[in-house]
Amino acid sequence: MKLRVDRDVLAEAVTWTARSVPARPPVPVLAGVRLEATRASLILASFDYEVSARCEVAAEVEEEGVVLVSGRLLADIAKALPSKPVDLEVEGTKVAVSCGAAHFSLAAMAADDYPDLPAMPAVAGTVDAHDLARAVSQVSIAASRDETLPLLTSVQMEVDGESLTLMATDRYRLAVRDMTWSPQDDGLSTHALLKARTLSDVAKSLTSTGEVTVALTDSGSTTSSLIGFEAGGRRTTSLLTDGDYPPVLRLFPETTTIHATVGREELMGAVRRVSLVADRSTPIHMAFSEGTLTLDAGQGDDAQASEQLVAHLDGEDITTAFNPGYLIDGLGAITQPYVKVDFTHPSKPAVLTGMSAIGGEEDTSFRYLLMPIRFGA
């Protein structure tokens, strides 16, 4: 194998592909990235038996071939090379990397022992890359970090025709985002459960493209447990999480009787300031009355803080308490200038949505349900 490729193109491609390389691979070859030189392109691939990545970039190929090299080492080298064309050449059991005056020699791994990448499932439809990235960032904040609960570390994707819904929960909050996409079949109805960190990584890495192709299998099929994403010469697949996601949408109240509206940026700033005196287990108290929202944290001999904001209240006065970190996550995921908080009772979950203005249009495409903390906790 012998080829020349642009330095920036190589660095970006290797970094993207090597992100799937496990830090502690169960077998040595899984630490590698497979390089395949074809007529006019370089194909990079990685696979850890759960997530696969494939990237194809343009290259001046003088001699075709296949080689396997350490993915993380090649990524580090590619990013450190000067801004000049890069020459790659297999020399016996070594891979020579040359760029200007810089020269590296890497050990070639056993390419024949590298597992074949899984085939993409059937194409289900396409979605705007930026819409997908924003939706995933809004929802993934609510996914659990507790690996002993794999269902809750995942994001549930539900498809019903042109409607695509993403949801995640860690039992203390629930984030749901409704969006539209372009399905191959308008009658498609299926779902997929995918690890939140994998979906976040995929969505972030494909934001430079216009549309993302989503490939998955109808939920009625038992022949596949994969989901695939493809855009801009990049393709990735992932195993789906086993199990049935809990019916979390039932947590949203059918009706609410108390509605508070406050400026989103003002509320985020106040929560950050007041929560400086609160540790991880200390709630921040919120007292809503007509025209005013009072926030306070800390008590007794500990440090204390309070702040008042202008707020509009429709309904009776209410006082409740939330985990400040969870509250900030939800406020940060809302994109409108105002946030509307709907209550049924101080001890019942509150629902956060965005609003264009007080009394203006409410955006229900993103909903964030937050469990309150009992005052005596």
Side-chain angles (χ1 to χ4, degrees), residues 130 133-142 168 170 172-178 252-253 256-299 302-375:
H130 290 286
R134 187 174 71 171
V136 171
S137 67
Q138 289 176 304
V139 170
S140 60
I141 56 172
D170 60 2
Y172 306 106
R173 65 261 183 80
L174 165 63
V176 177
R177 171 66 192 274
D178 297 316
F252 286 102
T256 53
T257 56
I258 304 172
H259 317 283
T261 308
V262 63
R264 188 184 70 91
E265 291 287 348
E266 293 84 352
L267 180 55
M268 285 185 64
V271 172
R272 287 196 176 102
R273 287 188 290 272
V274 173
S275 63
L276 290 174
V277 301
D279 58 32
R280 294 175 61 90
S281 60
T282 303
I284 183 171
H285 298 90
M286 306 176 70
F288 291 91
S289 58
E290 179 51 44
T292 304
L293 164 59
T294 302
L295 301 93
D296 67 81
Q299 56 186 348
D302 298 330
Q304 301 176 37
S306 65
E307 188 166 339
Q308 284 192 341
L309 299 175
V310 175
H312 176 77
L313 181 66
D314 180 9
E316 62 184 25
D317 294 358
I318 185 171
T319 300
T320 187
F322 296 113
N323 176 301
Y326 294 167
L327 179 57
I328 289 174
D329 285 344
L331 294 172
I334 292 173
T335 58
Q336 284 69 34
Y338 289 86
V339 58
K340 180 185 177 190
V341 188
D342 295 326
F343 299 96
T344 56
H345 188 273
S347 62
K348 299 292 184 180
V351 180
L352 281 64
T353 53
M355 293 191 71
S356 58
I358 294 179
E361 183 179 356
E362 180 181 1
D363 180 10
T364 58
S365 64
F366 174 70
R367 294 171 291 164
Y368 187 80
L369 183 144
L370 185 57
M371 297 293 293
I373 297 177
R374 295 182 182 276
F375 291 170

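If you're wondering where the values come from, they're calculated on a predicted model, not measured in any experiment.
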Output for pair (Leu276 CG, Ile284 CD1), nearest 0.5 Å, gives 9.5 Å
Report task. In sequence, state the C-alpha distance, the side-chain angles, and the governing distance for Glu290 and Asp314, and then conclude on side-chain contact (heavy atoms from CB on, under 4.5 Å). Result -> CA-CA 8 Å; Glu290 179 51 44; Asp314 180 9; over 6 Å; no
Heavy atoms of Ala260 and Leu313 approach each other most closely as CB-CD1, 4.0 Å
Rounding to 0.5 Å, atoms CZ (Arg264) and CD1 (Ile334) come to a distance of 7.5 Å
d(Thr294 OG1, Asp296 CG) to nearest 0.5 Å is 8.0 Å
Separation between CG (Leu293) and CD1 (Ile318), nearest 0.5 Å, reads 11.5 Å
Contact between Leu370 and Tyr172 at the side-chain level, heavy atoms closer than 4.5 Å - yes or no?
no
Distance col, row Asp363:CG vs Lys340:NZ, nearest 0.5 angstrom, shows 12.0 Å
Tightest non-hydrogen contact, residues Phe322 and Phe343, listed as CZ-CE2, 4.1 Å
Less than 3.5 Å apart, which donor and acceptor atoms pair up between the side chains of residues 345-358 and the rest of the protein, not counting sequence neighbours?
unit_1, atom_1, unit_2, atom_2, d
His345, ND1, Ser347, N, 3.1
His345, ND1, Ser347, OG, 2.8
Thr353, OG1, Glu362, OE2, 2.7
Ser356, OG, Glu361, N, 3.2

Crowding at CD, Glu316 (>12 non-hydrogen neighbours, <6.0 Å): no
Residues passing the salt bridge (Lys or Arg N to Asp or Glu O under 4.0 Å) test with Arg367, sequence neighbours excluded, are Asp178
With a 4.5 Å limit on heavy-atom distance, are the side chains of Thr344 and Ile258 in contact? no
Looking only at heavy atoms, the pair that brings Ala270 and Leu295 closest together is CB-CD1, 4.2 Å
| said: Test your reading of the model: is there a side-chain donor-acceptor pair from Asp329 to the backbone of Gly332, 3.5 Å cut-off? | reply: no
Within-4.5 Å side-chain heavy-atom neighbours: Gln304 and Val277: no
Main-chain N/O of Ser289 paired with Thr292 side-chain donor or acceptor, under 3.5 Å
no
Tyr368 and Ala175 have their tightest heavy-atom pair at CD1-CB, 4.0 Å
Geometric cation-pi criterion Arg173 and Tyr326, 6.0 Å radius, 45° cone = yes
Heavy-atom closest pair (Gln138 atom, Thr335 atom, distance to 0.1 Å) is NE2-CG2, 4.2 Å
Glu266 and Leu309 have their tightest heavy-atom pair at O-CD1, 3.8 Å
When rounded to the nearest 0.5 Å, the distance separating NE2 of His259 from OG1 of Thr261 is 9.0 Å
(message) Is there a side-chain contact between Leu327 and Pro324 in this structure, where contact means two heavy atoms from C-beta onward sitting under 4.5 Å apart?
(response) no
### Message
Set out, in order, the CA-CA distance, both residues' side-chain angles and the distance that settles side-chain contact (heavy atoms from CB on, under 4.5 Å) for Val271 and Arg273, then state yes or no.
### Response
CA-CA 5 Å; Val271 172; Arg273 287 188 290 272; over 6 Å; no
